[in-house]
Asker: 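Quick one: the structure is below, questions incoming.
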There are 2 protein chains.
Amino acid sequence: MVTLRDVARAAGVSPATASRALGNPDVVAVSTRERVLRTARELGYRANQAARALATGNSGMIGLVLPDIESPFFASIAKGVDARARELGSAVLIADTEEDAALEFEIAARVQERVEGVILCSPRMSRAHLEELAALGPVVLVNREAGGLPSVSFDTPAGVREALVLLHGLGHRSVGYVGGPRSAWSDAERRSTLDAVAGLEVDGLDIVDLGHHRPVFSSGVAAADAAAASGATAVLCYNDLVALGVIRRLQSRGIRVPEDISVVGFDDIPFATLAAPPLTTVAVPWAPAGRAAVDLLLGTGRPQAPQHFRLAVDLVVRDSTGAGPAGNAE
Amino acid sequence: MVTLRDVARAAGVSPATASRALGNPDVVAVSTRERVLRTARELGYRANQAARALATGNSGMIGLVLPDIESPFFASIAKGVDARARELGSAVLIADTEEDAALEFEIAARVQERVEGVILCSPRMSRAHLEELAALGPVVLVNREAGGLPSVSFDTPAGVREALVLLHGLGHRSVGYVGGPRSAWSDAERRSTLDAVAGLEVDGLDIVDLGHHRPVFSSGVAAADAAAASGATAVLCYNDLVALGVIRRLQSRGIRVPEDISVVGFDDIPFATLAAPPLTTVAVPWAPAGRAAVDLLLGTGRPQAPQHFRLAVDLVVRDSTGAGPAGNAE
DNA sequence: TTGTAAGCGTTATCAA
DNA sequence: TTGATAACGCTTACAA
């Protein structure tokens with residue numbers, strides 16, 4: 001392995017100068033700098049990042065901890081994080097917790113040992129663990145808020161509201177909610193918005209609680225029966241995967257979407273538009289959230305930059321929603 | 001920050017002993033070990049990984065370079081890599097090249113500086129670059145073979161053969177192939193298998209080349225028209241995304257799948273089963289490939305363990321394939 | 001502008 | 001079984 005000493009020796013300068021030529025180009029005489037750079041290239045020198053990290057005290061890496069890299073939205077967050085990190089010259093250490101709330105803290109703590117800070121996506125861990133983790137090093141939350149920790153979240157209340165207004169406008173008076181996991185912070189947030197909107201902003205809208213479900217396609221399949229039995233003419237789902245499952249089951253029972261029941265999802269995953277019918281859903285800016293999280297973590301702004309981003313969501317109306325019983329269409 | 005020295009001092013031992021107690025427990029007196037472990041816990045000691053890496057010469061990290069983390073199959077590979085790496089005590093540094101062949105080498109080289117070795121998924125870079133990278137450190141290829149580099153690939157010829165036999169058996173005599181990118185190694189491999197099988201193993205089967213396409217849904221949409229115009233009664237697609245796009249476009253033109261045209265995909269992404277109709281496709285074991293790649297990289301076997309894995313694929317017959325003109329059904 | 005030298009926090013060698 | 005002590009490769013005062 002060729003070290004900085006080797007380069008320095010070959011270029012006839014001290015290691016210090018060689019180091020400067022490489023990392024602080026303008027504090028070195030032009031001729032020296034070029035000589036060093038050239039010999040470095042000739043020798044195929046590659047800086048030892050461990051040594052650099054030890055000397056400078058920073059690793060040039062950030063951590064990304066997420067429940068499941070195979071989920072489209074986490075993949076999108078990862079995409080955003082990766083892109084922004086590269087722009088800022090950082091590397092990304094990734095860790096998949098396999099949806100395991102217990103493992104999550106351990107894994108994140110281990111990651112924290114190697115990086116400048118950690119981005120936690122939809123963390124399920126307790127608030128206490130979150131704070132313990134924050135004590136180990138910088139932490140940014142995505143899709144969750146907790147205490148004063150920096151976070152990137154989404155204005156899902158606005159999305160829920162928009163969806164409800166859409167459905168109400170279409171003539172629906174009874175809307176089912178297929179909820180997410182009990183442990184999901186965003187599920188709780190959605191529920192309270194649902195109640196608030198139904199109670200205050202929209203007349204005569206009834207919300208039917210269709211329970212908690214794992215956020216996967218098959219849960220939707222199961223929830224569809226409850227939805228059909230509930231008498232609701234529209235269903236709002238915790239996420240697109242569930243919504244797609246609901247549609248699938250409804251259709252296989254001969255219930256038409258949207259003619260008989262309207263379905264609204266959440267997330268706008270890539271396949272939402274490919275479904276039959278294309279899914280009406282609340283689009284969430286996952287990749288931008290990933291970018292924002294990196295900015296928060298690396299404090300790209302001025303010292304007192306904002307510690308929270310709340311990103312706007314966007315209701316995308318496609319074909320899984322149609323007129324309800326009180327509507328005039330059809 | 002609490003260092004090993006602090007722990008050692010507090011426990012009344014030398015740093016050397018403290019280090020041993022933590023990393024080499026059975027070479028230290030039981031009483032000492034426990035004392036050290038306890039004080040380490042009390043002080044909240046966390047080993048500095050950069051220092052450890054510098055001293056031992058290994059970082060405990062592996063690199064994972066892939067074209068697009070949002071693609072379901074790369075996400076699955078990542079899942080497998082992550083899981084296996086954790087089992088083996090390694091961390092995973094991830095880098096998304098954004099499908100950019102030019103960037104790919106640069107990114108991989110940068111990653112290589114920080115890790116024990118790099119796993120390259122479906123690399124598009126030249127053979128020369130591949131070798132240059134291998135000179136920088138251990139490399140394992142996934143879904144590509146090149147020279148003597150360790151690799152994990154798939155027996156796609158068998159999959160292509162199976163698909164063709166299925167279609168032929170169903171009565172199809174003219175099968176279109178919607179190809180992948182010109183730069184994709186696996187596309188070339190598929191084409192040659194197609195020709196070989198059509199020429200030698202199956203009677204009277206005509207392969208229609210439907211061109212090269214980017215491996216995305218919208219390419220399928222575009223390719224569908226070519227497929228319909230070609231007179232082929234069945235279409236084999238480079239991957240599921242494309243196949244789904246083909247189906248979508250066919251359907252929107254009033255061409256029924258599989259009644260009018262059968263469609264076969266490749267990969268078996270999660271949504272293949274959710275499509276309407278569910279997609280017949282060649283299932284590829286992405287996650288196991290990720291695990292295998294880690295094993296290859298970390299040389300988990302004996303010194304002369306195999307350097308290549310070729311994983312079996314599996315034709316999954318669903319509802320996007322049906323009887324062709326020479327069949328007796330319908 | 002350049003060089004000397006002192007760390008950075010661990011591990012590992014060699015004696016004791 | 002333990003303790004000095006020397007690396008590991010780089011950065012960064014501090015001097016020159």
Asker: DNA chain D: B/A55 or B/R35, which has the more 5' nearest nucleotide?
Answerer: B/R35
Asker: Are A/L141 and A/V152 side-chain neighbours, meaning at least one heavy-atom pair lies under 4.5 Å?
Answerer: no
Asker: Check the distance between C/dG9's C1' and B/L43's CG and give it to me in whole angstrom.
Answerer: 15 Å
Asker: I'd like to know whether A/D96 forms a salt bridge (charged side-chain N to carboxylate O under 4.0 Å, His left out) with B/R86, so could you lay out the CA-CA distance, the side-chain angles of the two residues, the decisive distance to 0.1 Å, and finally the verdict.
Answerer: CA-CA 9 Å; A/D96 185 314; B/R86 181 173 351 285; 5.6 Å; no
Asker: To the nearest 10°, let me know how far the axis at one end of the helix from C/dT1-D/dA16 to C/dA16-D/dT1 is tilted from the axis at the other, five pairs an end.
Answerer: 30°
Asker: Measure the acute angle between the ring planes of A/F154 and A/W286, then classify it against the limits of 30° and 60° as parallel, tilted or perpendicular.
Answerer: perpendicular
Asker: With nearest nucleotide decided by heavy atoms, which residue, A/S14 or B/M1, maps closer to the 5′ end of DNA chain C?
Answerer: A/S14
Asker: Tell me if a side-chain donor or acceptor on A/S71 pairs with a main-chain N or O of A/F73 at a distance below 3.5 Å.
Answerer: no
Asker: Check whether any side-chain N or O of B/T3 sits under 4.0 Å from OP1 or OP2 of C/dC8, and answer yes or no.
Answerer: no
Asker: CZ of B/R310: more than 12 outside heavy atoms within 6.0 angstrom?
Answerer: yes
Asker: Send over the distance from B/N48 CG to C/dG7 P, rounded to a whole Å.
Answerer: 17 Å
Asker: Write down the distance between CG (B/L4) and C1' (C/dG7), rounded to a whole number of angstrom.
Answerer: 16 Å
Asker: Base, sugar-phosphate alone, or nothing: which one does A/A29 contact when heavy atoms must sit under 4.0 Å apart?
Answerer: sugar-phosphate
Asker: Any N or O donor-acceptor pair linking the side chain of A/R20 to the base of C/dG3 at under 3.5 Å?
Answerer: yes
Asker: Tell me whether A/E99 is salt-bridged to A/R124, with the criterion being a basic N under 4.0 Å from an acidic carboxylate O.
Answerer: yes
Asker: Please lay out, stage by stage, how A/R84 and A/E87 fare under the test salt bridge (charged side-chain N to carboxylate O under 4.0 Å, His left out).
Answerer: CA-CA 5 Å; A/R84 186 59 179 145; A/E87 287 174 10; 2.6 Å; yes
Asker: Give the rounded distance in Å between these two atoms: CZ of A/R33 and P of C/dT2.
Answerer: 10 Å
Asker: When you match B/T56 and A/P15 each to their closest nucleotide on DNA chain C, which lands nearer the 5' end?
Answerer: A/P15
Asker: Would you grab the first and last nucleotide of DNA chain D (5' to 3') that comes under 4.0 Å of any non-hydrogen atom in chain A?
Answerer: D/dG9 to D/dA13
Asker: Closest to the B/A16 side chain: C/dT2, C/dA12, C/dT10?
Answerer: C/dA12
Asker: What is the nucleic acid contact for B/A47, judged by heavy atoms within less than 4.0 Å: base, sugar-phosphate only, or nothing?
Answerer: sugar-phosphate
Asker: After noting the C-alpha distance and the side-chain angles of B/R9 and B/D6, does the key distance pass the salt bridge (charged side-chain N to carboxylate O under 4.0 Å, His left out) rule?
Answerer: CA-CA 5 Å; B/R9 191 153 19 216; B/D6 300 328; 3.7 Å; yes
Asker: In this structure, how many angstroms lie between the P atom of C/dC8 and the CG atom of B/L54, rounded?
Answerer: 14 Å
Asker: Using a heavy-atom cut-off of under 4.0 Å over every strand shown, decide if B/A50 touches base, sugar-phosphate, or nothing.
Answerer: nothing
Asker: So, does B/S19 get its side chain near the phosphate of C/dT10, meaning an N or O under 4.0 Å from OP1 or OP2?
Answerer: no
Asker: Tell me the interatomic distance from A/R52, atom CZ, to C/dG9, atom P, rounded to whole angstroms.
Answerer: 18 Å
Asker: Side-chain contact test, heavy atoms from C-beta onward, threshold under 4.5 Å: evaluate it for A/L88 versus A/D295 and give yes or no.
Answerer: yes
Asker: Below 4.0 angstrom, N of the basic side chain to O of the carboxylate: do A/R182 and A/D187 qualify?
Answerer: no
